[in-house]
Amino acid sequence: GGDDDVVWTLNEAQLEKLRMLSVVTVVRGQIEQASSSRGEGNGGINMLSIPYSRLASELHLPQDDLRQLEDLLIQCIYSNLISAKLDQSSKSMRIEPHVA
């Protein structure tokens with residue numbers, strides 16, 4: 001029968017939650033990377049930034065329409081999932097890891 005090719009279809013709300021979790025995962029990974037490469041001292045850790053392009057590709061969002069990505073990031077920030085600021089001039093998200 002056709003039972004073996006089940007395709008999971010997520011509704012928009014579930015998809016949104018999944019993407020928000022993915023953002024958190026990317027952010028955490030970035031923070032861990034920075035803290036392990038620094039060792040001691042907070043020098044570089046305070047200035048963590050992730051380019052929109054990388055976030056978009058991790059989340060499978062269109063690179064040419066960053067509006068969707070920004071909306072998602074803003075939602076993550078308002079939901080207190082991450083502590084970060086969006087920097088439109090450099091098209092990146094700056095993480096504030098002391099809270100994460």
Side-chain angles (χ1 to χ4, degrees):
D3 290 346
D4 44 34
D5 42 291
V6 175
V7 175
W8 296 101
T9 50
L10 298 176
N11 64 34
E12 272 308 305
Q14 291 166 317
L15 210 53
E16 192 81 346
K17 283 206 171 64
L18 200 60
R19 287 203 178 113
M20 287 169 81
L21 283 173
S22 301
V23 170
V24 174
T25 305
V26 173
V27 167
R28 287 226 174 106
Q30 187 82 4
I31 292 171
E32 277 165 28
Q33 225 176 2
S35 53
S36 66
S37 66
R38 281 286 153 190
E40 74 290 326
N42 266 347
I45 301 182
N46 291 334
M47 280 303 295
L48 271 173
S49 71
I50 304 177
Y52 284 176
S53 56
R54 183 176 153 214
L55 288 161
S57 69
E58 296 262 2
L59 300 168
H60 307 291
L61 289 172
Q63 301 267 356
D64 50 359
D65 175 24
L66 293 172
R67 184 61 206 284
Q68 212 181 338
L69 177 66
E70 285 192 323
D71 287 347
L72 180 72
L73 296 176
I74 289 166
Q75 224 175 328
C76 289
I77 293 169
Y78 280 149
S79 310
N80 291 320
L81 288 179
I82 57 175
S83 176
K85 288 192 173 66
L86 300 185
D87 183 358
Q88 264 138 347
S89 60
S90 68
K91 294 218 181 320
S92 63
M93 177 174 71
R94 280 214 307 265
I95 308 164
E96 298 165 352
H98 52 270
V99 192

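These figures come from a predicted structure and were not determined experimentally.
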Next on the checklist: If you define the side chain from C-beta out and look only at heavy atoms, does anything of Leu72 sit under 4.5 Å from Gln68?
Outcome noted: no

Sorted by chain and number, sequence neighbours left out, side chain to side chain contact (heavy atoms under 4.5 Å, CB included) with Ser57 holds for Gln63

Across all chains, not counting sequence neighbours, the side chain to side chain contact (heavy atoms under 4.5 Å, CB included) partners of Lys91 are Tyr52, Leu66

Value for CZ (Arg28) from CD (Glu32), rounded to nearest 0.5 Å, stands at 8.5 Å

Output for pair (Leu21 CG, Leu81 CG), nearest 0.5 Å, gives 7.5 Å

Nearest heavy-atom approach of Leu48 to Ala34 is CD2-CB, 3.4 Å

Value for OG (Ser53) from CG (Leu69), rounded to nearest 0.5 Å, stands at 9.5 Å

Across all chains, not counting sequence neighbours, the side chain to side chain contact (heavy atoms under 4.5 Å, CB included) partners of Asp87 are Ser89, Ser90, Ser92, Arg94

Residues 56-65 vs salt bridge (Lys or Arg N to Asp or Glu O under 4.0 Å), sequence neighbours excluded, gives Arg54-Glu58

Original post:
Are the side chains of Val27 and Ile50 in touch, meaning some heavy atoms are under 4.5 Å apart?
Top reply: yes

Grouping ILVMFWY residues whenever side-chain heavy atoms fall under 4.5 Å, the cluster of Leu18 otherwise contains Leu10, Leu15

In this structure, CD of Gln30 is separated from CD1 of Ile82 (nearest 0.5 Å) by 12.0 Å

Applying side chain to side chain contact (heavy atoms under 4.5 Å, CB included) to Asn11 and not counting sequence neighbours gives Ala13, Gln14

dist Ser83:OG -> Ile95:CD1 (nearest 0.5 Å) comes out at 9.5 Å

Side chains of Val23 and Leu59 in contact at under 4.5 Å (non-hydrogen atoms) = yes

Taken in chain and number order and not counting sequence neighbours, the residues that satisfy salt bridge (charged side-chain N to carboxylate O under 4.0 Å, His left out) with Glu70 are none

For residues 73-80, dump all side-chain donor-acceptor pairs below 3.5 Å to protein atoms at least two apart in sequence or in another chain.
unit_1	atom_1	unit_2	atom_2	d
Ser79	OG	Gln75	O	2.6

Residues at least two apart in sequence or cross-chain that pass salt bridge (charged side-chain N to carboxylate O under 4.0 Å, His left out) with Lys85, listed by chain then number, are Glu96

